[in-house]
Structures are given as structure tokens and as C-alpha cells.
Amino acid sequence: MSEIYYGTPVARAIRASLEERIAALRGEGREPKLAILRCGDEPGALSYERSALRSCEQAGIRVESIVLPWTAGTAELLRQVDRVNGDQSIHGVLVLRPLPRQIDTQQIFRRLRADKDVDGITVPSLARVFVGRGSGFGPCTAEACLAMLDHYGVPLSGSRVAIIGRSLIVGRPLSMMLCARDATVTLCHSKTRDLPSICRESDILIAAAGCAGLVDERFVHPGQILLDVGVSESFDGKLCGDVAFEAVSPLVRAISPVPRGVGTVTTAILARHVVEAAEELP
Ligand code: NAD
């Protein structure tokens with residue numbers, strides 16, 4: 001029987017590691033605080049916001065939610081970005097996506113201060129992931145994958161890792177983080193030929209495609225560790241991942257489920273970034 005890598009113990013350990021740091025900040029009169037910027041009521045954004053609110057509340061971090069209508073324009077959102085950039089009581093900023101089509105997303109990302117960019121959307125944050133120095137933070141989901149592997153004691157150095165998905169919020173930064181930990185990484189995407197056999201050759205397979213049930217029996221072997229990052233809705237309205245869990249879980253060494261897997265850890269990393277930002281800001 002394979003081991004199930006749940007996210008809850010990982011998230012709990014991350015939040016526990018913040019307790020003393022938050023107490024020290026409070027002792028200096030600094031209360032860590034996150035601002036969440038959201039446009040409209042898109043279900044994915046609302047779900048991430050709920051999870052972020054819960055995680056920050058459990059950690060003892062204050063949150064201010066700023067909600068604009070779905071009809072908001074770039075100038076309106078930029079005004080809010082300027083406000084949170086300049087507010088010394090706010091240490092971290094989360095801009096929820098998707099943003100409405102009329103908003104120039106790149107302008108928003110360029111305007112956000114990198115040292116408050118706790119979800120790794122700005123160019124300086126990504127540069128920090130790729131170069132290893134500078135300001136900003138890595139994308140929370142990519143760091144959550146590393147936290148899961150570390151918590152469950154999966155060795156990375158020398159391991160062969162296949163990642164499905166090359167987005168800037170998951171696959172690409174994660175590939176750099178794993179390279180920095182001496183893993184050998186293959187970054188796969190929608191144009192990759194013979195995806196199942198490439199994945200089957202890996203020690204660790206991380207699926208972040210957003211394609212329900214993509215990873216089936218052909219992708220795996222008995223010694224493998226699987227992290228499922230994908231979040232989709234199945235035909236019966238339930239949340240599911242990229243891995244065909246029922247078919248695949250008996251065939252591998254360990255697997256993370258969806259829900260209750262990597263997603264649970266993502267917002268604990270977010271809380272940690274807010275604390276780090278509060279420690280670094282004057
Ligand atoms: P995206 O659409 O930006 O990128 C998807 C990537 O997967 C692309 O590189 C694409 O080439 C690749 N891909 C898609 N279908 C494929 C296929 N059939 N074969 C091979 N590659 C394929 O998505 P994203 O923003 O990176 O998110 C990916 C998934 O992760 C989504 O389901 C999203 O909901 C989920 N997600 C989860 C968390 C979390 O905390 N658990 C956070 C962010 C995103």
C-alpha cells in the first residue's frame with residue numbers, strides 16, 4: 001500500500017515554526033499583515049482567498065481584503081497597488097488571479113513592490129528564484145511542493161524529477177528550486193512527446209497541468225513519489241487533481257491527494273512569506 005502525503009501536517013509544522021517569530025515581531029510593535037487584492041467573485045480566486053484567510057488567521061497574521069468590481073480598470077487597480085505599496089502597516093500583498101481581461105496584468109505586476117510580493121508574481125521575485133539573490137519571494141505553490149518533499153524526507157540530491165507544466169507560478173520556478181537542490185529535472189509541457197515514458201523514468205513526478213486524470217498507470221512505477229498540484233472539477237462537481245488517483249495510488253511508493261495535499265501547504269507558505277517580509281521591512 002502506498003503512503004499518502006497529506007498537506008495538513010506540513011502546513012501545521014510551517015505555521016508552528018512562525019509562532020516565535022510573530023511573537024518577536026509583536027514585541028517590537030510590528031504586527032505582520034497581508035493585503036489581498038481581488039477583482040470580482042471568480043470562484044477560484046474566492047477559494048484561494050478563503051484558504052489564505054484561514055491560514056493567516058491560524059498563524060496569527062492580520063489580513064485586509066480589498067475587493068474591486070469585475071468591471072474595474074487598470075488605473076483603479078493600480079491606485080490600490082500604490083496604496084498597499086506605501087502602507088507601512090502592510091508587509092505582504094497577494095493579487096488574486098484571474099484578473100478581468102480589460103486589466104493590463106503586466107502593468108499591475110510591474111508596479112507591485114517586490115519586497116511585498118509574497119506570491120512571486122513580479123520579475124524581481126522570479127529573478128531571485130532563478131539567480132538565487134535579490135528581493136522578493138518564490139511562488140507559494142512551487143515552494144509548497146518543496147516543503148512537502150522535505151517534510152516527508154524525500155531525498156532530492158541526485159534524484160530524477162519530472163514536472164508536468166511549465167507555467168511561471170508552478171513548473172518553471174519549481175524546476176529552478178529543484179536544480180538548486182541538486183535534482184535532475186525534466187520540465188514537460190503540452191508539446192512534450194511521449195510524456196508517459198519520460199514521467200515513468202523519474203523518481204519523483206510532479207503534475208501541475210490542470211488536466212484532470214492526465215497521469216494514469218502508464219506514467220508510474222512502484223518506487224515513485226507523486227505530487228499532484230493540479231486542481232480541476234470532475235464531471236460530478238468534485239475537486240480532483242491531474243492524477244487518476246484510484247488507479248495510480250496503489251502502484252506508487254507515495255502520493256499526495258487532491259484536495260488535502262499540496263494546496264493546503266500553499267497558504268502556509270504564504271503566511272511564512274508575510275512573516276519574512278515583516279522581518280525584512282524596516
Ligand atoms: P497553466 O495553465 O498556466 O499551465 C499549465 C501547464 O501545463 C502548461 O505549461 C501546459 O503546457 C501544461 N499542460 C497542460 N495540459 C497538458 C497536457 N495534457 N500534457 C502536458 N502538459 C500539459 O496552469 P497553472 O497556473 O500552472 O496551474 C496548473 C494547475 O495547478 C491548475 O490545475 C491549477 O488550478 C493548479 N494550481 C494549484 C495550486 C495549489 O496550491 N494546489 C496553485 C496554483 C495552481
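Counting starts at 1 for both ligands and their atoms, following the listed order.
- Counting only heavy atoms of the protein, atom 25 (O) of ligand 1 lies nearest to Ile169 CD1, 3.5 Å.
- More than 12 heavy atoms of other residues, nucleotides or ligands shown are found within 6.0 angstrom of CD on Glu28.
- For atom 34 (O) of ligand 1, the nearest non-hydrogen atom from the set Val229, Thr192, Thr141, Val231 belongs to Val231.
- The shortest heavy-atom distance from Ala208 to ligand 1 is under 4.0 Å.
- For atom 11 (O) of ligand 1, the nearest non-hydrogen atom of the protein is Ser190 N, 3.0 Å.
- Near Leu214, with a cut-off below 4.0 Å to any heavy atom, the atoms of ligand 1 are 17 (C), 18 (N), 19 (N).
- Asp87 and Lys116 get closest at one heavy-atom pair: O-NZ, 2.9 Å.
- In summary, the atoms of ligand 1 found under 4.0 Å from a heavy atom of Ser167, numbered by their order in the structure, are 3 (O), 4 (O), 9 (O), 24 (P), 26 (O).
- Listed by number with element, the atoms of ligand 1 under 4.0 angstrom from any heavy atom of Val170 are 26 (O).
- Between Glu233 and Lys238, no side-chain nitrogen of the basic residue sits less than 4.0 Å from a carboxylate oxygen of the acidic one, so the salt-bridge criterion is not met.
- Counting the atoms of ligand 1 from 1 in the order shown, those under 4.0 Å from a heavy atom of Gly165 are 6 (C), 7 (O), 9 (O), 12 (C).
- In this structure, atom 3 (O) of ligand 1 has a protein heavy-atom contact shorter than 4.0 Å.
- With hydrogens left out, the protein atom closest to atom 31 (C) of ligand 1 is Gly210 CA, 3.6 Å, a heavy atom.
- Cys140 and Tyr48 get closest at one heavy-atom pair: CB-OH, 4.2 Å.
- Between atom CZ of residue Arg272 and atom CD of residue Glu143 there is a gap of 5.5 Å, rounded to the nearest 0.5 Å.
- Within the listing of ligand 1, atoms 20 (C), 21 (N) sit less than 4.0 angstrom from a heavy atom of Ile164.
- The closest protein non-hydrogen atom to atom 8 (C) of ligand 1 is Arg166 N, 4.0 Å.
- Rounded to the nearest 0.5 Å, atoms CG (Leu68) and CG (Leu77) are 6.0 Å apart.
- Under 4.0 Å is where a charged nitrogen must lie from a carboxylate oxygen, and between Asp117 and Arg128 no such pair does.
- Among all protein heavy atoms, the one lying closest to atom 13 (N) of ligand 1 is Ala209 CB, 3.7 Å.
- Remark: Glu31 does not engage Lys33 in a salt bridge, criterion side-chain N to carboxylate O under 4.0 Å.
- Near Thr266, meaning under 4.0 Å from one of its heavy atoms, ligand 1 places the atoms 39 (C), 40 (O).
- Although no hydrogens or angles enter the test, the distance criterion places a donor-acceptor pair under 3.5 Å between the side chain of Ser256 and the main chain of Asp228.
- Annotation for ligand 1: atoms under 4.0 Å from non-hydrogen atoms of Leu195 are 19 (N), 20 (C).
- Heavy-atom neighbours of Glu76 CD from other residues, nucleotides or ligands within 6.0 Å: above the threshold of 12.
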